[in-house]
Asks: 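Structure below; questions to follow.
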Amino acid sequence: MASNGAREYMLSKSFDAKSSEAKWISLWEADKLGAADVSTSSLPYVIMMPPPNVTGTLHMGHALTMSLQDLLTRFHRMAGRNTLWQPGMDHAGIAVQAIVDAKLDSENIRKEDIGRSEFLRRSWEWKEKSGGTITRQLRSLGAAPDWARERFTMDAGLSEAVKKVFVSLYEEGLIYKDKRLVNWDTKLETAISDLEVEQKETSGHLWHLRYSLDGDPKKSLVVATTRPETMLGDTGVAVHPNDERFKHLIGQMIRLPITGRLIPIVGDEHADPEKGSGAVKITPAHDFNDFEVGRRHDLPMINILNRDGTLNENTPKEYRGLSVNEARKAVLDQAHNEGWLERVEEHTLQQPIGDRSKTVVEPYLTEQWFADAATLAKPAIRAVESGKTKFVPDTQAKIYFEWMRNIQPWCISRQLWWGHQIPAWYDEDGNVYVAHDEKSAQEKAGPGVRLEQDPDVLDTWFSSALWPFSTLGWPEQTEELKAYYPGSVLVTGHDIIFFWVARMMMMGMHFMGDVPFREVYIHALVRDETGAKMSKSKGNIIDPLDVSDQFGTDALRFTLAAMASPGNDLKLSTDRVEDSRNFVTKIWNTAKYIELKQCSIDSSFDPGGVSHPLNIWILSELASAQVKIEKAIETYYFNEAAGALYHFTWDLFCPWYLEFTKPLLSSEHEAIVTETKATLAFAFGQLIHLLHPIMPFVTEELWAGYFCKANGEAPGLLGFRPWPEAPVVNSADATEELGFIRELI
RNA sequence: GGGCGGUUAGCUCAGCGGUAGAGCACCACAUUGACAUUGUGGUGGUCACUGGUUCGAUCCCAGUACCGCCCACCA
């Protein structure tokens with residue numbers, strides 16, 4: 001090494017995040033940093049990336065979850081594990097269909113006119129474009145999964161898994177067709193699951209309607225309703241069997257206004273004497289409670305709605321084709337004019353809204369495919385009870401249990417085109433043949449029978465539920481499946497415990513006989529400044545790429561890690577990111593100082609042989625910081641790992657140690673100078689390793705830009721290097737001085 | 001109605017049985033010294049409230065208030 005002090009700076013004045021990021025992103029990929037090696041014997045470490053939807057762009061929540069997963073993967077890779085971070089994307093059935101629908105709308109094209117195959121072609125086109133955007137964005141967050149293994153939920157292989165699972169569950173009686181009320185999205189014209197319905201508080205009215213008894217128009221009964229238009233489908237009125245006011249009326253008939261239909265008064269405990277008027281109208285085809293009452297009393301079920309939510313041919317002529325709101329007004333007008341509108345009250349109610357379409361959801365009587373979730377849930381519940389899968393933080397397990405123990409049948413069919421078409425065929429008599437493909441369906445049906453495939457597709461979450469094993473090649477018994485199932489940890493937000501975690505647990509237990517992952521780390525949701533969930537429709541998205549452009553990806557990642565304390569949602573402020581950016585700069589300048597002092601890493605450096613108390617001190621502080629960091633990462637206390645790195649660097653290493661090295665390095669004792677230079681280089685080199693999982697870019701840059709060059713080593717990726725041992729120092733001879741230093745600081 | 005979480009400095013948040021912490025903001029001082037994307041020092045807190053356990057509680061327990069979220073239901 002040159003010792004004339006005239007050597008030029010190798011490190012630039014400041015860290016240029018943008019160009020550095022571009023460089024390392026492509027180098028990591030070229031050198032296959034993320035590649036899992038199924039043939040190695042080292043212990044696997046597996047994270048299944050929650051596949052982002054192919055819709056739109058990544059948001060701050062993605063930035064958080066991806067940063068944490070990347071951090072974990074990098075840490076465990078350096079620690080010698082055979083890591084697989086499995087990337088991919090989800091076809092997001094409803095979301096994509098809604099987007100393609102909207103584009104068609106804007107071109108004044110009806111999807112029925114272009115047909116299913118053209119619609120699918122356009123959807124794939126969207127997928128290619130949007131999916132490319134997302135993987136680019138993922139890369140720019142520093143994510144280095146095993147890109148060669150990228151999967152899409154509608155890949156041939158994954159579709160194969162979906163068919164296999166459907167057929168097999170059907171044959172086991174765990175998938176069945178049933179005619180019952182489902183939540184119906186009137187805009188997208190499809191069934192959706194309970195989970196896809198949001199309740200939105202709206203102000204409305206409670207209308208009291210007076211119905212006359214048949215044959216005795218002087219006697220009447222008042223019912224209260226928030227939805228008067230549904231009376232066109234009423235088939236009864238219920239009163240509580242013990243309600244003294246009404247019990248004598250049970251069994252009598254009412255002449256329903258407008259339709260003139262005769263409907264019975266029934267006694268049912270659903271009627272709450274305290275609520276409304278005490279008598280409740282029963283619309284079995286358009287209300288979940290009324291459906292049950294209708295079943296108990298064998299009332300007819302009259303569907304009054306078309307698929308688009310307008311009134312159908314089961315209503316009087318003048319009502320047909322009206323929207324629900326128009327029909328409501330018309331019913332009320334008529335009631336007012338005819339004198340049976342008793343009174344009106346203000347009333348707030350929860351209106352069901354489809355989470356994708358943001359339009360009204362109607363309970364709708366249709367035939368749909370259901371999965372027997374209660375049966376599938378049982379082993380999945382036991383797996384968490386017995387600790388085969390652990391939730392972190394463990395309070396999240398309660399939420400899982402609560403839902404799983406009260407789980408309802410899962411409506412898995414959707415009246416969409418984009419998705420996995422249901423592998424069921426019907427003959428002309430409506431008999432159903434569930435089979436892997438048309439050929440085997442034909443075999444089941446017999447020769448010459450005309451078959452038509454079910455036009456519906458499966459709920460997106462049906463294929464996502466298989467992700468932990470379908471991505472590994474299942475149903476083939478691949479090497480990957482053997483090596484990488486079950487996964488180590490699933491990292492996700494609490495908003496999809498029900499949607500996804502629960503269903504992966506069910507499918508994993510059923511088809512693999514084992515849990516899909518040993519731990520579920522539930523991280524915070526990133527919220528906006530008011531604490532509201534960020535969402536496109538609210539327009540409160542903070543784009544992580546903007547933040548990373550402004551402050552650098554390392555700064556963003558460090559901020560997210562520092563804020564990721566378990567259990568709490570986090571409200572992101574750019575002040576914090578700015579501070580992290582300053583931290584990156586601090587690290588950069590530290591490296592420049594070390595370079596200026598011409599320190600270089602000596603691979604034979606032995607921390608135990610260091611004798612100057614200051615050098616012993618910093619190495620022992622480094623060791624204790626390192627232990628903290630390792631423990632914090634292993635227990636998912638990312639905030640503590642980030643905090644320990646920050647504290648060590650900014651409160652100990654820079655202001656104290658670095659400052660003290662200034663006089664030491666001008667010492668006349670060459671041994672002290674040599675030892676101090678070596679310790680500086682060693683400690684900082686080690687620090688770069690410890691920082692790498694959180695801040696991959698600046699650490700790679702420093703490793704290659706200074707440390708490798710200074711040592712004449714071939715620059716290898718820092719990400720491939722082994723996680724260092726914590727230094728062990730021999731402090732026996734310096735106990736007093738160490739005590740003094742610690743006291744001082 | 002059921003469940004979960006929160007309440008700590010002006011702001012965003014850590015901490016957690018033994019003189020209350022960070023960053024930002026604010027104030028003062030420093031400056032071509034690795035670093036102005038800086039350094040040093042400072043202002044600022046009945047740790048929501050009320051009881052209890054304890055030698056000692058911001059921390060544990062019980063309750064109250066307010067805030068947020070999830071689930072269910074509302075004629």
Side-chain angles (χ1 to χ4, degrees), chain A residues 9 11 13-15 17 194-195 197-199 201 204-209 222-228 230-231 234 237-239 270-283 287-290 293 345 347-352 393 395-403 406-408 494-495 497-498 524-525 527 529-533 551-552 555 559 562-597 599 637 639-640 642-643 646-647 650-651 654-655 658-659 661-662 680 684:
Chain A
Y9 276 101
L11 296 176
K13 182 166 187 315
S14 59
F15 175 55
D194 299 351
L195 286 175
V197 180
E198 292 166 355
Q199 302 295 332
E201 192 162 284
H205 298 89
L206 193 57
W207 286 278
H208 295 250
L209 309 177
V222 172
V223 298
T225 179
T226 54
R227 303 201 53 188
T230 60
M231 68 177 288
D234 281 3
V237 169
V239 298
H270 166 64
D272 182 345
E274 304 292 317
K275 281 183 184 161
S277 63
V280 57
K281 59 194 275 309
I282 300 298
T283 322
D287 181 282
F288 288 99
N289 285 314
D290 294 4
V293 176
E345 286 174 64
H347 187 77
T348 56
L349 66 154
Q350 302 289 329
Q351 199 167 29
T395 52
Q396 298 292 334
K398 283 190 205 165
I399 296 170
Y400 171 87
F401 284 137
E402 175 65 20
W403 191 69
N406 299 298
I407 198 164
Q408 299 299 306
H494 59 68
D495 54 334
I497 292 180
F498 305 144
L525 295 186
R527 297 179 177 277
E529 61 242 341
T530 65
K533 195 170 165 178
F551 300 106
T559 307
M563 294 182 84
S565 75
N568 297 324
D569 287 347
L570 59 92
K571 288 185 249 172
L572 192 71
S573 76
T574 47
D575 281 351
R576 282 298 287 268
V577 188
E578 192 176 348
D579 172 51
S580 303
R581 190 271 319 268
N582 295 349
F583 184 44
V584 173
T585 306
K586 191 75 179 172
I587 293 162
W588 186 261
N589 286 319
T590 306
K592 276 171 64 186
Y593 172 82
I594 292 169
E595 183 182 55
L596 182 76
K597 299 296 180 188
C599 310
Y637 279 78
N639 60 318
E640 290 189 2
Y646 190 92
H647 174 69
W650 214 316
D651 300 335
C654 291
L658 226 82
E659 291 305 324
T661 60
K662 291 174 183 174
L680 252 178
F684 188 70

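We use all heavy atoms of the structure for the numbers below, so side chains are in, but hydrogens, waters and symmetry mates are not. Residue numbers begin at 1 in each chain, while the letters A, B, ... track the order of the sequences.
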Asks: What is the separation between atom CG on L11(A) and atom C1' on C35(B), rounded to the nearest whole Å?
Replies: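 These atoms are roughly 13 Å apart.
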Asks: State whether W650(A) places a side-chain N or O below 4.0 Å from either non-bridging phosphate oxygen (OP1 or OP2) of G39(B).
Replies: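 Looking at the OP1 and OP2 atoms of G39(B), one of them is under 4.0 Å from a side-chain N or O of W650(A).
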Asks: Using purine N1 to pyrimidine N3 plus N6-O4 or O6-N4 for Watson-Crick, or N1-O2 and O6-N3 for G-U wobble, each under 3.5 Å, what pairs with C26(B)?
Replies: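 For C26(B), the partner nucleotide comes out as G42(B), under the 3.5 Å rule.
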Asks: What pairs with D194(A) under side chain to side chain donor-acceptor pair (under 3.5 Å), at least two apart in sequence or on another chain?
Replies: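 By the side chain to side chain donor-acceptor pair (under 3.5 Å) rule, D194(A) matches N183(A).
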Asks: Between P on G33(B) and CG on N589(A), what's the gap in Å once rounded to a whole number?
Replies: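 In whole Å, G33(B) P lies 12 Å from N589(A) CG.
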Asks: Check every atom of C73(B), G15(B), C35(B) against the side chain of K586(A) and return the nucleotide holding the closest atom.
Replies: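 Ranking C73(B), G15(B), C35(B) by closest atom to the K586(A) side chain puts C35(B) first.
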Asks: Quick one: salt bridge (Lys or Arg N to Asp or Glu O under 4.0 Å) pairs with a partner in residues 576-588 of chain A, sequence neighbours left out?
Replies: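 Every pair satisfying salt bridge (Lys or Arg N to Asp or Glu O under 4.0 Å) with a residue in residues 576-588 of chain A: E578(A)-R581(A).
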Asks: List for me each residue that meets ring pair (Phe, Tyr, Trp, His ring centres under 6.0 Å) alongside H647(A), sequence neighbours excluded, and say none if there are none.
Replies: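 By the ring pair (Phe, Tyr, Trp, His ring centres under 6.0 Å) rule, H647(A) matches no residue at all.
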Asks: Between the protein and nucleotides 24-28 of chain B, list the N/O to N/O atom pairs that are separated by less than 3.5 angstrom.
Replies:
from	atom 1	to	atom 2	distance (Å)
C24(B)	O2'	D575(A)	OD2	2.8

Asks: The side chain of Q350(A) is closest to which nucleotide in this list: C73(B), A14(B), C71(B)?
Replies: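 Of the options given, the side chain of Q350(A) lies nearest C73(B).
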Asks: Show the nearest heavy-atom pair for residues K281(A) and D290(A), with the distance to one decimal.
Replies: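 Nearest pair, atom of K281(A) first, then D290(A): O-OD2, 3.3 Å.
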Asks: Between H494(A) and I399(A), is a side chain to side chain contact (heavy atoms under 4.5 Å, CB included) present by the stated rule, with each step listed?
Replies: CA-CA 9 Å; H494(A) 59 68; I399(A) 296 170; 5.7 Å; no
Asks: Could you please name the option among C71(B), A34(B), G15(B) that lies closest to any side-chain atom of E640(A)?
Replies: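 It is G15(B).
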Asks: What pairs with Q351(A) under side chain to side chain donor-acceptor pair (under 3.5 Å), at least two apart in sequence or on another chain?
Replies: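 For Q351(A) there are no side chain to side chain donor-acceptor pair (under 3.5 Å) partners, ignoring immediate neighbours.
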Asks: Could you list the protein-to-nucleotides 6-8 of chain B atom pairs, N/O on both sides, closer than 3.5 Å?
Replies:
none

Asks: Excluding sequence neighbours, so at least two apart, what forms ring pair (Phe, Tyr, Trp, His ring centres under 6.0 Å) with Y646(A)?
Replies: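 Testing Y646(A) for ring pair (Phe, Tyr, Trp, His ring centres under 6.0 Å), a comparison that skips the adjacent residues, returns F583(A), W650(A).
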Asks: Run the salt bridge (charged side-chain N to carboxylate O under 4.0 Å, His left out) test against E198(A) and tell me which residues pass, sequence neighbours left out.
Replies: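 E198(A) satisfies salt bridge (charged side-chain N to carboxylate O under 4.0 Å, His left out) with K358(A) once adjacent residues are dropped.
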Asks: If you pin K275(A) and V197(A) to their nearest nucleotides in RNA chain B, which one's is more 5'?
Replies: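 Residue closer to the 5' terminus by nearest nucleotide: V197(A).
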Asks: With sequence neighbours excluded, what pairs up with K662(A) under the side chain to side chain donor-acceptor pair (under 3.5 Å) test?
Replies: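 Once residues adjacent in sequence are excluded, the partners of K662(A) under the side chain to side chain donor-acceptor pair (under 3.5 Å) criterion are E659(A).
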Asks: A34(B) phosphate, OP1 or OP2: any side-chain N/O from K662(A) under 4.0 angstrom?
Replies: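 So the side-chain polar atoms of K662(A) do come within 4.0 Å of the phosphate oxygens OP1 or OP2 of A34(B), strictly under.
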Asks: For a quick check of understanding: with a heavy-atom distance under 4.0 Å over all strands, which category does I594(A) fall into, base, sugar-phosphate or nothing?
Replies: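 Answer is nothing: I594(A) stays at 4.0 Å or more from every strand.
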